Structures are given as structure tokens and as C-alpha cells.
Amino acid sequence: MGSGMKRKHLHAFMVLAGLEAFAASVWLFLIPSDGKNAVMWGFSWQRLLLIGIGIFLGVACLTGWYLSNHRNRFLEQVTNMMQCKAVRTVVLIACGLLVMVLLIPQVSWGQRYAVIVRLRPLLVWWALINLEWYLATGNDLSTQWAQVKKGISSLGSKSGLGIIFGLVALVVLYIASLNFYPLGVREDYWYETGVPILLWQVLICLCAAGLFDRWVTRFRVSFHNRKTDHFLFVGLFLFFGLLWGFANNQPGYFNPHPPLPNDEMIPNSDASLFDLQGQSALVGLGLDAGTPLDRPFYPTFLAMLHAVIGQNYGRIMAAQAFLFATLPAVLYLIFAELDIRKVGVFSAAMVGLWGINVITANHLISTSTPKLMMTEFPLAVTIVWVLYIGLRWLNSQSHRPQWSLVLGACLALAAYIRYSALLLLPVWVLGGLIKFQFRWKPSTRTIGLMMAGFLLFTAPWYLRNISAGQRVTLPFSGKVSFVLRTRYEPSEAQEKPSSSWQDNQSMVDEAATGREAGEEEDDEWKDESAIPFTLWFPTHLIHNLMSSLLVLPTSLENANLETTINLGGEIWNIFWVGELPWLRLFLFLFQGLLVLIGVFHLYRIHPAFSVVMVLSFGAILTANAFGRSSGGRYLVPVNWLVLILYGIGLVSLVWRLPVRHPSPTAAPKHHAIHWRELLATAVVLTVMGTSPVLFEVLTRSMIRDPLQEASLETVSDYLIPEQAEAVEAFMTQKKAGSIGGFAFHMNQTDDLSDLDRIPKQYRAKQSYPYLYFNLVTSEGFSVVLFPYSGAININNQDRVVVLGCKMPGGVMAHDLWVIGENGAEQYLAEPGFETCDALVPEDW
């Protein structure tokens, strides 16, 4: 027999496998049965079949043991097969895949729950004997344990002081959370912690990294020509794209349950406004109905999806989630660039499963997901591309100036998606200084090119805003002035929104107010300035840091996400005061320690990139703290970076990672400037920055006179004389008027309390159901409330004419006409609404 396998080991393996098979049959026998499907002894025929398979496997293993005792040739054949490298590799892969399946909580299998419960005993048996087979035929376990001990001792000797300091910082952070959290729970923009990844999901990712490492080692996979990296990138993108795209989109605040009259899911609040900003271009009015808009790229992206897929919200969000799956796929490319591909697979798998958790938790935690029309997840995707392009730029040994232009343009795109990304610009300026070892001449040149790329990408849309009526100011200054005005000035110095009809035709006028989605103020503004800056800034910053670290596992239960959140509900509650139970505190400190280990390892591998990654994380959290917002969806752009650093720390304890990337900060050789290449890059970046403008021009040229059929005059031909007289009489009232436009996001509701733009005086006067929808006009966006409870045929992009009473933010409809190809269909409000004075309070 071979040296790797002794006779007594083989006999012990076969006996143990046989006994475990009988144990699996007993396990199957003890699972509660369903009497409705009983065939014999209270069991169904499927259960009897599985029990029979377990008994047969046990008998087969014991028979093999008997034959190996009495027939040497049989023993030799079995031994040779078990020690074959190919067989051992297949066995290990089968074991790893089975363990990954078995780690998934049974409740997560949904309708297949009963089948998995009954198959689990045999699956456990198969995974167990595979693992025993693998361990019995080699010394991998001892080798792996030696590697772990070596990694821990090496880390302690080289980074021990830094890790101790970091652990003290984690303790200080926790103590600070105990003191600051109670002060911030009543803040306006204070939300829940980040959506966590679960421990069993981390173990699955570790199995995936192990199988990848074994695959690379066993088949000697080559990465020299990068084709394999590109193949894996595409594979990860498709896998997680389909996984995210088909994931169940849970209803939440920004995508409520499918309402009447169409029983289709619709965007709400900020999501609704982003959608309207894009959809207004599809009806020929330009982005945001042609008004100044500081963030055009995400609305343009949504409009393009609508143009290709249509108006079905579920399909639109499935397509968006599929495209956003580049986030985990690009992570693999980043670590392939660092030559630590095991970490790339582990990180991609973790972020991919975390994305599923984010989608699943939409109804549990105030967050932003790949399946919401919100800007936080698009910023996360943009940041991962910025990190990849920036890493390639840092690693380049010949300074090609066009890459500095491209990096600056990517930073401008990030700022166009969310303003907090503006702080990434100084972070990458520092990266340029590190790249050139703080030598002023090459540093100045590359920083200047980076700024030029930023301005080239920004200029086209900025000029469009100027032509649309925006004052000549610094780009992106609208949001900054809005924050300063509404969150820093005393409340008596703030001007409340105007309540006139014309001022409220446009929900967003950034030239005048700097507002965008999510920036509408409540009717009763709070005196936030009563809390000093020195108190609320650290409060929000501590909340952001603590909440970001809580994306890591904080419990040991093998349960699905909803059960985990319910068991630790005090953590994922908006009113949580920062206190952790002892077990969760231990896990928080231990896994925070793994994050610190990841930071130190990344610094040893690539100092410049590690500094940029950590500062990017801190920059976004700091920007959020200055904006007085924290937790929940505000963390999504960067809290996945915690998972990446955590992955580096964990994998470094299991596998040996390289100490330093080849010359990451060596002085790059200056490449001769080819002005044609530089000019071509500048032109391409300018055209990309012009894409929203070109999209507007294209849609406007395709849709001429979009509102020609949406006015009171156009429906007059369809009115009988009595109706025409009633309309004319109604129009003589003081507050009456008419408006025509395009209807979007229909919602029939009995509860107006969640409609932010409806005055509170009216909310108390409701007495019947309302049809609520957004109206896109040439003047902007309005809200329409229609007291109507019957069936109504109205869909997105339908032309409508509304006759009703003016009110702040829109109109209360008395008559509604839906214009179709065959004419106009009229709907009348519920009885009792005859005059505006009878419905609308006088103080409006």
C-alpha cells in the first residue's frame, strides 16, 4: 500500500462510513412525518426510499470493509483509487460544494424546504465521508494548520503594535457609540445600521476561495495573458447579475406594495423623483423637464432602461440589478491586479451575497439596494471602477498622461451621481503625490491632468444648466449651499417653500434652491441649529463608522437574514443606543480586528492603494457627517469596503499572501507625450460627459410638440353642452384652474400621511379614497389628488388633462381626462366636491 494510506486507516474509514450511513437512516426515520402522504408506517414512499438508500449505503460500506479484509487485490484497487490526485480533487470539490449547500439555512429554501429537510441527512453523510476520505489520504490539514500558525506569528511580529493600537481604537469607538448614539436617535437624517453579511455566508465564501485555490493549483491555471482573469470577470458578472436580477424585490418605503389602480410596484419619494427626472426626457421635455439639474447621469440611465424595457418597474429594476453586478466582478479584477486572486474570489463572493442581503432587507432596514431607483448603489458601482482604474494608474511604470485624464473624469462621474463623492478628488490627488513620491514637478503635472479630466467631463452638462437658467456658480455648489442654508442656519433665517401655483409647478429648481431628490423639507421645520456643530458632527461620524462595521457578522446563528435581524433587533432599530450584548461585543471586536489585519496586510502589499482605499471610505463617511446624515442607505456607497478589508484579514490567516506588490510606488518612467493620444482621450471624455445632453437632444427631436394634445381646449370637442357649461362654471372660481401633462406612478390610497407634499391641514380632512399620481408638465412636476374610488384606465406616460383646485405642490382634481388614440375618457370626482372653497381651507 502507498505511504499516504495505511490498511488500518482504510478499514477505519469504511467502518465509520457504514455506521454514519445507518445514522443518517435513523435521522431520516426520526424526522416528523406528514400523515396525509403516508404509505407505510406513517411514512411517504419518498421517505421510505431515502431510508432504504441510507441502509443500502451502510451495507455497501461494511461489505467493502469485509472484502478489503479478505481480498488483497480489492484492497489495492480501492487504495489506488482513493490516493489518485484527480479523484481527491473531485472529492474535495464535491465536499466543498455540499458544505456550501448545507450551510444555507433550511428556511431559505422556501417551497423546497420539506425536500431539503429530508435530503439533508444523506447530504451530510456524503459531505462527511468526502471530508474523511480527503483527510485520510493526505496531510493537508496539518499543513494548513501550520500555515495558519505561521501567518498569525508573522503578523504579530510585524504589525503587533499597530494591531494593538487598532484594537484600542475599536474599544474607544464602542465607548463613544454608547455616549453619542443616545444624542442622535432623534436627528432628522439618522437611520439604521448597515445590512449585515451572515456568518454562514462568510463560510460559504471561504469554501469558494478554497475551491478556487485548489482548482488553480491542481490544473496549473495560467494568468500570464490575463485571459483567465477576463473569463472569471465575465463569469462572476453573469452569475451575480442573474442572482441579483432574479432575487425577490421586497417592498419598502421607496418601492411600496403594488397599489391600485394598476396593481404594479411603483417608485416612491426620492426614487419617484429620480425616475421622473429621466422619464420627462422620454416624453420630449428634457431631463427634469428641461430645468437645471445637478445630477443627470442616473436619471439618464433610468430613462435609457425605460426606453429599452418599457414601464414595468420589476423588469427595469431586474435589468439594473443585473448591470450593477459589475461591483463584485470588478473586485476580482482589483485583486488580480494585486496578484492575490484568492482574496478576489472571496471578496467578490462576499459582496455578491451581501447584495442579496441588501435586496432581502429592503422591507426591514432603510437602505438602498440594486433594485431601487436610488443613487447610493450606483455610486458604489462607480467607486469600485474608480478604484480599479486608479490601481492600474498607480501600478503603471510609464506615466501615460491620458490615464490621469480618465481618472479625473471617473471622479467627476462619481460626483455627478452623489455629491459626497467630491471628497474623493483630494484623496486621489494624495494618491498622485504618493505615486510620484512627493516630487513636485511630476506630481503637479499629473494632478493638473486629473483636474483637467474632471473639468472636461463636468463642463458639457454645466453649460447646459447655464443655458437652462441656472446662475453662474461653481459646479455642484447648489447642494453645498442647500446644506449650509437648511442645516446650519437658524430656523428663523430659513425661507419656507412658496405655496403659489407657479412656484410649485417645478418640484426641483436647483438654480434657486439647490434641491434635489430627498431634499424636500417638512412643513414644520426643526430647529437643528440648536445642537452645536461640535456635538452633532462627531455623533453622525461615530454612527457612520459603527454602522459600517456592523455589516460584519455579529451573531453565530445559522439562520436567514430576517431571523438574524429579528434576534438582534435592538441593533437594526433606528432608536438603538449603541449598546451590544457581551457575545455580540466580542464578535464585533474580533471581526474589527480582522479588518485591521486586512488594512495592515493591504498596506504591506500595496501601500499607496491601501491609503487611497481607507481614505475613500473615510471621505464618504465624513461627507455624510457634514451633511448631517448617517446610517442605512447613506452607508451603501462604501460600507462594502469593510467587507473587502475583512476578507483580506481572514484569508491572510488561512493562506500565505504576498508581502509586497512589485514596485508599486517606484518612480514611474516618464512616457513621451503623444499629443494625438492625449487629444483623442480628451475628446472621448468630453463626449461621454455630453451624453446626457445628447440624450436630451435626441429625445426632443424624436418627440415633437409633446403637450399639444394635453390641454383643456383639446378635450372640449369631446364634451356635451352640459359638461362644457359645468367646466366653464367651475373655472370661474377663484382657486380653480386646469393643467395638462403626462401621468406617472399612479397610486390609489386612503392614507395621505405619507405624501410629503400634501399640506397637513388637508390630511385631516380626508373622507374618501384618492387617486394620487405625479404630473409631468413643461413647467416641471406636480402632484395630482383625485377623489375617486372606481376603476380607472390610466398608465405611465398617459396624456391627461386635470381640472381642479390649486394647492401647494399641485392640484386637487375635480375632473380628469385621459387622452388616448380614440379620444378622451372623462372621470368625475366623488360627490361632494363641487367648489374649491368647500374642499380647500381658506388659509391656503
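Index from 1, following the sequence. Bear in mind that the values here come from a model prediction, so they are computed numbers and not experimental data. Computed from heavy atoms alone, side chains included, the values below leave out hydrogens, waters and symmetry copies.
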Distance-only, no hydrogens or angles: does the [X] side chain make a donor-acceptor pair with backbone N or O of [Y] under 3.5 Å?
X: Ser547; Y: Asn544; value: no
X: Trp354; Y: Val195; value: yes
X: Lys435; Y: Trp393; value: yes
X: Gln201; Y: Leu198; value: yes
X: Asn255; Y: Pro251; value: no
X: Trp385; Y: Tyr388; value: no
X: Thr382; Y: Pro378; value: yes
X: Ser610; Y: Pro607; value: yes
X: Ser420; Y: Asn624; value: no
X: Trp428; Y: Gly390; value: no

At what distance, to the nearest 0.5 angstrom, does [atom1] of [X] lie from [atom2] of [Y]?
X: Leu364; Y: Asn566; atom1: CG; atom2: CG; result: 7.0 Å
X: Ile605; Y: Ile648; atom1: CD1; atom2: CD1; result: 6.5 Å
X: Cys205; Y: Phe212; atom1: SG; atom2: CZ; result: 14.0 Å
X: Ser366; Y: Glu192; atom1: OG; atom2: CD; result: 5.0 Å
X: Asp213; Y: Lys342; atom1: CG; atom2: NZ; result: 4.5 Å
X: Leu594; Y: Leu653; atom1: CG; atom2: CG; result: 6.5 Å

- prompt: Which of these, Leu635, Thr193, Asn639, sits in a side chain to side chain contact (heavy atoms under 4.5 Å, CB included) with Leu550?
  reply: Thr193
task: Have a look at Leu545 and tell me which of Leu621, Val642, Thr622 forms a side chain to side chain contact (heavy atoms under 4.5 Å, CB included) with it.
output: Leu621
message: Could you go through Leu243 and Phe322, starting from their C-alpha distance and side-chain angles, then the distance that decides it, and tell me whether this counts as side chain to side chain contact (heavy atoms under 4.5 Å, CB included)?
response: CA-CA 8 Å; Leu243 201 63; Phe322 177 82; over 6 Å; no
Are [X] and [Y] close enough that a side-chain donor and a side-chain acceptor fall under 3.5 Å?
X: Tyr332; Y: Asp229; answer: yes
X: Asn362; Y: Asn249; answer: no
X: Thr360; Y: Asn357; answer: no

message: Please determine whether side chain to side chain contact (heavy atoms under 4.5 Å, CB included) holds for the pair Leu236 and Val345, giving the CA-CA distance in whole Å, both sets of side-chain angles, and the decisive distance to 0.1 Å.
response: CA-CA 9 Å; Leu236 288 168; Val345 171; 5.6 Å; no
Heavy-atom side-chain contact between [X] and [Y] under 4.5 Å:
X: Ile571; Y: Arg584; value: yes
X: Tyr191; Y: Ile365; value: no
X: Arg392; Y: Trp403; value: no
X: Phe233; Y: Val330; value: yes
X: Val577; Y: Leu178; value: no
X: Gln320; Y: Phe324; value: yes
X: Leu567; Y: Glu557; value: yes
X: Leu423; Y: Leu615; value: no

May I ask you to check whether over 12 heavy atoms, not counting those of [X], lie within 6.0 Å of atom [atom1]?
X: Glu570; atom1: CD; answer: yes
X: Arg226; atom1: CZ; answer: yes
X: Trp572; atom1: CH2; answer: yes

- request: May I ask you to check whether Phe346 and Phe335 place their ring centers less than 6.0 Å from one another?
  value: no
If you look only at distance, which donor and acceptor atoms sit under 3.5 Å apart when one is on a side chain in residues 167-175 and the other is two or more places apart or in another chain?
| from | atom 1 | to | atom 2 | distance (Å) |
| --- | --- | --- | --- | --- |
| Tyr174 | OH | Leu580 | N | 3.0 |
| Tyr174 | OH | Leu580 | O | 3.4 |

Side chain to side chain contact (heavy atoms under 4.5 Å, CB included) between Phe240 and Ile356, worked out: CA-CA 9 Å; Phe240 286 112; Ile356 289 291; over 6 Å; no
Please find the pair of heavy atoms, one from [X] and one from [Y], that lie closest to each other, and give the distance.
X: Ser616; Y: Val638; value: O-CG1, 4.2 Å
X: Ala421; Y: Ile620; value: CA-CD1, 3.9 Å
X: Ile383; Y: Pro637; value: CD1-O, 3.8 Å
X: Trp190; Y: Ser630; value: CE3-OG, 3.8 Å
X: Thr563; Y: Asn560; value: OG1-OD1, 2.6 Å
X: Met350; Y: Ile197; value: O-CD1, 3.5 Å

query: Would Ile644 and Val343 satisfy side chain to side chain contact (heavy atoms under 4.5 Å, CB included), going step by step from the backbone distance to the final call?
result: CA-CA 8 Å; Ile644 307 310; Val343 178; 5.8 Å; no
- request: Look at the aromatic rings of His543 and Tyr181 and report parallel, tilted or perpendicular, splitting at 30° and 60°.
  value: perpendicular
message: Going by side chain to side chain donor-acceptor pair (under 3.5 Å), name the pairs with one or both residues in residues 370-379, residues two or more places apart or in two chains.
response: Ser368-Glu376, Thr375-Arg418, Glu376-Arg418, Glu376-Arg633
query: So which of Phe254, Trp244, Tyr298, Trp640 actually passes ring pair (Phe, Tyr, Trp, His ring centres under 6.0 Å) with Phe377?
result: Trp244
